[in-house]
Amino acid sequence: MSAQYSFTEIEKKWQRQWENTQLYAVDIDTNKPKYYVLDMFPYPSGSGLHVGHPLGYIASDIVARYKRLNGYNVLHPMGYDAFGLPAEQYAIQTGQHPAVTTEQNVQRFREQLNIMGFSYDWDRQVKTCDPNYYQFTQQIFALFFEHWYNKQTQKAAPIAQLIEHFQLHGSENFQAHGGKINPFTAQEWSEMSPLQQHEILNQFRLAFVDETTVNWCEAMGTVLANEEVVNGVSERGGYPVVRKKMRQWSLRITAYADRLLDGLNTLQWSDAIKEIQRNWIGKSQGAEIDFVVRGTLKTLKVFTTRPDTIFGATFMVVAPELENLSEYCSEDQWPIVQEYANKAKNRSEIDRMADTTKTGVFTGMEAINPFTGEPIPVWVSDYVLANYGTGIIMAVPAHDERDFAFAKTFDLNIVPVIKPANGELDLPLEQAYIAKDGICFNSGFLDGLSMKEAISTAIAKVEKAGWGQAKVNYRLREAGFGRQRYWGEPFPIVYNEEGIPQLIQELPVELPQVDSYKPTGNGESPLSAVTTWVNTPQGKRETDTMPGWAGSSWYFLRYTDPKNNEQLASPEALNYWQQVDLYVGGSEHATGHLLYSRFWTKFLFDLGIISWDEPFKRLVNQGMIMGEDGQKMSKRWGNVVNPDDVCAQYGADTLRMYEMFLGPLTDSKPWNTHGIEGVSRFFGKFWRLFYEGEQWAVSQEAPTPAELKILYKTIKKITEDIESMSFNTSVSAFMVATNELGALKCRKQEILETLLILMAPFAPHITEELWHQLGHSDSIHTANWPTYDSQYLVESSFNYPISINGKTRAQIEFELSTTEADIQAAVLSNELVIKWMEGKPLKKFILVKGRIINVVV
RNA sequence: GCUCGGGUGGCGGAAUAGGUAGACGCGCAGGACUUAAAAUCCUGUUUUCAGUAAUGAAAGUACGGGUUCGAUUCCCGUCCCGAGCACCA
């Protein structure tokens with residue numbers, strides 16, 4: 001025992017002890033309720049952690065410890081998202097194998113995390129780059145490959161079922177989510193070559209080969225995901241990105257668009273993240289309508305959300321990237337259209353975004369507006385996107401800004417069809433008139449209808465006349481799943497001599513050694529150079545690897561049974577631990593990791609592997625900790641604060657407590673080196689509740705009601721704060737309790753011991769030390785969370801502030817049992833009250849029990 | 001441009017089923033202990049005005065209105081900051 005609070009010694013001692021006794025190891029225990037608290041696992045970068053990283057880890061650790069003290073069996077694991085670009089870039093620079101550098105970084109992270117005293121069950125650590133782990137990432141990919149999405153049952157189903165349907169009924173009456181195919185009979189199916197059959201099945205597999213326009217980054221020699229491209233340049237490095245056609249694996253996430261949208265309503269996530277996902281999925285309801293090309297039998301199919309404005313559709317616009325563009329254009333105009341299309345294709349994303357002036361050319365064709373019967377010209381312009389809707393729009397310049405700008409540029413007809421409900425439009429229009437509450441005019445049978453009524457009436461008419469049907473559109477695109485990189489999961493795929501992909505049954509398919517990690521530059525991965533690996537008796541291997549998000553889309557399941565070599569996790573473990581109850585991490589993964597994890601979870605739910613279809617019940621996004629200068633913490637600004645240094649100088653408990661004290665968990669806030677002194681002093685004060693000078697001073701006396709009141713109000717406050725994750729106010733509650741007990745010179749074991757338990761989740765080391773000094777032999781982290789007697793918190797009297805006309809003028813103490821009449825009499829005879837009433841008559845007397853008294857004159 | 005957050009002392013931030021604004025901490029000022037320093041402890045600290053002082057008065061939660069006995073909290077408008085989306089028909 002030491003009379004001094006020497007945190008270095010204490011923290012090392014208990015960390016060693018906890019490790020030796022396996023204090024945080026958990027296992028299935030059906031006698032206890034489970035609780036699963038998870039941190040987003042980190043990418044083990046070479047620069048290690050700065051003080052911003054542990055913010056969320058500290059918060060989740062507090063909750064994990066709190067739940068344990070409340071009798072829960074808590075799963076609280078940690079691992080590493082270990083595949084990825086930085087390790088590979090480093091390999092390219094240094095020639096070291098990424099597995100080696102990654103392992104070094106993992107060791108470093110582990111040390112740093114241990115210094116801060118987290119209660120992880122390290123036995124459950126996972127690393128996505130470990131073959132024992134990624135064999136199941138490959139297995140899940142194989143399952144995607146072997147399934148299709150049945151729109152009727154809204155569920156994934158085995159591809160064999162679809163094949164059977166084709167064998168029996170051809171393409172009649174099947175409800176598969178996927179690409180377009182030409183109808184065929186059962187007979188025709190049986191006569192198709194394996195390659196033809198593959199090409200049809202490929203349209204429906206949930207993992208499929210897709211010819212897509214990808215974001216090609218020449219400098220990095222690879223394809224990037226949409227979210228890795230910001231304003232036309234790569235997120236990492238800022239290299240230019242161009243669009244390029246490429247064959248690569250994709251996952252059919254759009255099959256799950258509706259369920260991903262609906263599921264959001266069941267989640268305790270921030271509105272901001274839910275909104276970002278809703279926007280990303282981008283569901284919009286409208287109609288597909290066919291416009292007949294004048295003088296032909298051809299039609300142009302458009303998608304619109306505003307069929308109520310169709311009487312104002314005065315021209316049409318076709319996207320320049322459409323494959324069969326020549327069909328939408330007259331012969332003599334084709335050279336001009338083609339020239340325009342080529343120019344548009346080569347225009348970079350940056351250009352497009354920077355320049356919104358309208359360009360375009362006339363196709364030489366006219367279509368008939370089915371509602372007005374009038375011929376309208378068809379144009380090509382790059383303001384229409386090929387991959388949204390049908391790639392063709394009906395333009396309503398009077399009521400759409402973009403169409404209006406285009407019509408003005410090329411002097412096209414503008415016909416207003418919506419006007420204010422009470423009033424008239426100022427004509428001619430200076431800008432597009434966009435109103436949610438307008439009514440139709442100039443619109444035949446739609447005249448006088450509101451937007452909502454007109455939309456349904458117009459769609460009914462379209463459907464009845466056979467011109468089209470109601471249609472739902474999504475902004476969400478299929479998820480590109482191939483990277484031309486070395487450091488990722490290899491695909492369990494070989495292509496036979498016909499080029500048909502076949503699954504490799506034996507997993508894992510391990511990464512081979514390569515001589516160079518550099519991209520080949522021709523768009524292929526470094527793996528393609530390893531010919532001994534690529535060529536197998538069964539055919540050529542797929543040489544792309546999976547993207548970073550593959551391994552992170554299911555790791556939360558693996559923690560439940562991380563060493564299982566037969567299955568991704570045993571049904572027993574999955575059934576026991578189930579969903580993540582609380583997930584803590586940054587909000588930057590809103591449309592990546594969080595969406596993909598939900599997608600994979602729903603797929604595995606469909607297959608019956610798990611019994612829930614959302615991975616993370618409650619999500620909390622911790623804010624960023626900025627540098628002292630208010631800028632983002634980074635080497636570049638030289639403002640990085642290292643948690644190891646802070647722990648060495650002040651101790652881990654002080655770091656943990658201070659990070660919580662900085663402000664609300666979800667806010668961004670700057671680090672302040674002076675501020676930590678306050679928390680450090682607090683621990684000194686707290687320690688001195690137990691010691692007087694060199695002398696152990698805890699007494700066994702019975703506590704007084706005043707002391708119990710301090711304790712009980714603290715129990716109440718801390719319990720409520722942890723439940724609502726309001727940790728900053730918990731810290732101040734500990735300070736208040738310490739100040740108040742100090743003022744009362746209270747050193748009673750009964751009080752201090754309970755206070756230790758309350759503080760144990762926040763400051764696990766000092767509380768463990770003092771707990772043992774109080775004579776306990778078990779760990780404080782296995783104690784029981786205290787309850788309080790609310791009787792002690794009830795006040796018998798209250799010192800009322802007395803307001804006269806809303807201004808506080810006096811204070812009078814009353815027993816809470818005093819009747820209102822007695823209070824009123826006492827207040828009105830009070831000297832100060834009489835003075836401020838200035839002789840005016842009483843108008844109203846307001847008494848809010850236990851709160852305030854207001855005298856209105 | 002659209003959507004969602006948010007504007008409270010010198011600073012980080014408390015307090016909103018409407019009820020004493022500024023808890024707790026930092027910083028600052030003064031004091032105690034000490035030969036001295038560190039550490040520790042005590043006092044003060046929203047602003048302005050009056051007073052030697054105790055104290056008293058007025059204003060005050062981005063700005064302007066409204067509802068109410070009473071508004072940081074609810075409603076309307078304006079400005080500013082942050083985040084997300086962005087030619088998605």
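In what follows, every chain begins at residue 1, and chains take the letters A, B, ... in the order their sequences are listed.
- Atoms CG (A:N854) and C1' (B:A71) sit 13 Å apart, rounded to a whole Å.
- Per the geometry, NZ belonging to A:K685 stands 10 Å off C1' belonging to B:U40, to the nearest Å.
- Judged by distance alone, the side chains of A:Y388 and A:S284 do bring a donor and an acceptor atom under 3.5 Å apart.
- Applying the 4.0 Å criterion to OP1 and OP2 of B:C4, one finds that A:R278 has every side-chain N and O outside that range.
- If you take CG of A:D667 and C1' of B:A83, they are 12 Å apart, rounded to a whole angstrom.
- The side chain of A:R475 places an N or O atom within less than 4.0 Å of a non-bridging phosphate oxygen (OP1 or OP2) of B:A86.
- Going from atom CD1 of A:I804 over to atom C1' of B:G70 covers 13 Å, rounded to whole Å.
- For the pair A:D271 and A:F303, nearest-nucleotide mapping onto RNA chain B gives the more 5' position to A:D271.
- Nearest nucleotide to the side chain of A:H674, out of B:U40, B:U20, B:C26: B:C26.
- A:E275 has its CD atom 14 Å from the P atom of B:A86, to the nearest Å.
- Note on A:S587: nothing from the nucleic acid sits closer than 4.0 angstrom, heavy atoms only.
- In this structure, A:I253 CD1 and A:Y596 OH are separated by 6.0 Å, a value rounded to the nearest 0.5 Å.
- Distance CD (A:Q811) to P (B:U20): 11 Å, rounded to an integer number of Å.
- Every stem involving RNA chain B, taken as at least 3 paired positions in a row under the Watson-Crick or G-U wobble test at 3.5 Å, is listed here: B:1-7 with B:79-85, B:10-12 with B:24-26, B:27-32 with B:40-45, B:46-50 with B:55-59, B:62-66 with B:74-78.
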CA sep, side-chain torsions, deciding dist, call: A:K716, A:E720, salt bridge (charged side-chain N to carboxylate O under 4.0 Å, His left out):
CA-CA 6 Å; A:K716 181 169 189 281; A:E720 288 168 357; 3.3 Å; yes
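- Remark: the backbone N or O of A:L55 is not paired with any side-chain donor or acceptor of A:R656 at under 3.5 angstrom.
- Sequence order on RNA chain B of the closest nucleotides to A:R851 and A:T304 puts A:R851 first from the 5' end.
- Not less than 6.0 angstrom separates the ring centroid of A:W687 from the ring centroid of A:F683.
- In this structure, CD of A:E677 is placed 13 Å from P of B:A38, rounded to the nearest angstrom.
- Distance from the side chain of A:T729 is smallest for B:A15 among the nucleotides B:A15, B:G19, B:A89.
- In terms of phosphate contacts, A:S284 brings a side-chain nitrogen or oxygen within less than 4.0 Å of OP1 or OP2 of B:A89.
- In this structure, A:V848 reaches the bases: a heavy-atom distance under 4.0 Å links it to at least one base atom across the strands shown.
- Here the C1' atom of nucleotide B:A83 and the CD1 atom of A:I276 are 7 Å apart, to the nearest Å.
- With a 6.0 Å cutoff to the six-membered ring centre and a 45° limit on the axis angle, A:R475 counts as a cation-pi contact of A:W280.
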Residue pair A:V584, A:Q622: steps toward the side-chain contact (heavy atoms from CB on, under 4.5 Å) verdict:
CA-CA 7 Å; A:V584 180; A:Q622 86 273 12; 4.0 Å; yes
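- Judged purely by atom type and a 3.5 angstrom limit, A:K301 has no side-chain atom pairing as donor or acceptor with the backbone of A:T299.
- No donor-acceptor distance shorter than 3.5 angstrom exists from the side chain of A:S803 to the backbone of A:N805, with no hydrogens or angles considered.
- Near RNA chain B, meaning a heavy atom under 4.0 Å away, the residues from residues 655-663 of chain A are A:F661, A:L662.
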Are there any protein N/O atoms within less than 3.5 Å of an N/O atom in nucleotides 53-60 of chain B, and if so, which ones and at what distance?
{"unit_1": "B:A58", "atom_1": "OP2", "unit_2": "A:R809", "atom_2": "NH1", "d": "3.2"}
{"unit_1": "B:A59", "atom_1": "OP2", "unit_2": "A:K807", "atom_2": "NZ", "d": "3.3"}

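- Taking the six-membered ring for Trp and the full ring otherwise, A:F315 and A:W379 have centroids separated by 6.0 Å or more.
- Side-chain N/O atoms of A:S797 and A:E815 include no donor and acceptor closer than 3.5 Å.
- Listed pair A:N739 / B:G25 meets the phosphate criterion, a side-chain N or O lying under 4.0 Å from OP1 or OP2.
- Base contact: A:I846 has a heavy atom under 4.0 Å from a base atom.
- Remark: the A:K358 side chain and the B:C87 base include a donor-acceptor N/O pair separated by less than 3.5 Å.
- The side chain of A:K669 lies closest to B:G13, out of B:U20, B:G13, B:U40.
- OP1 or OP2 of B:A14 sits under 4.0 Å from a side-chain N or O of A:N728.
- Taking the centre of each ring, A:F727 and A:F661 stay at or above the 6.0 Å mark.
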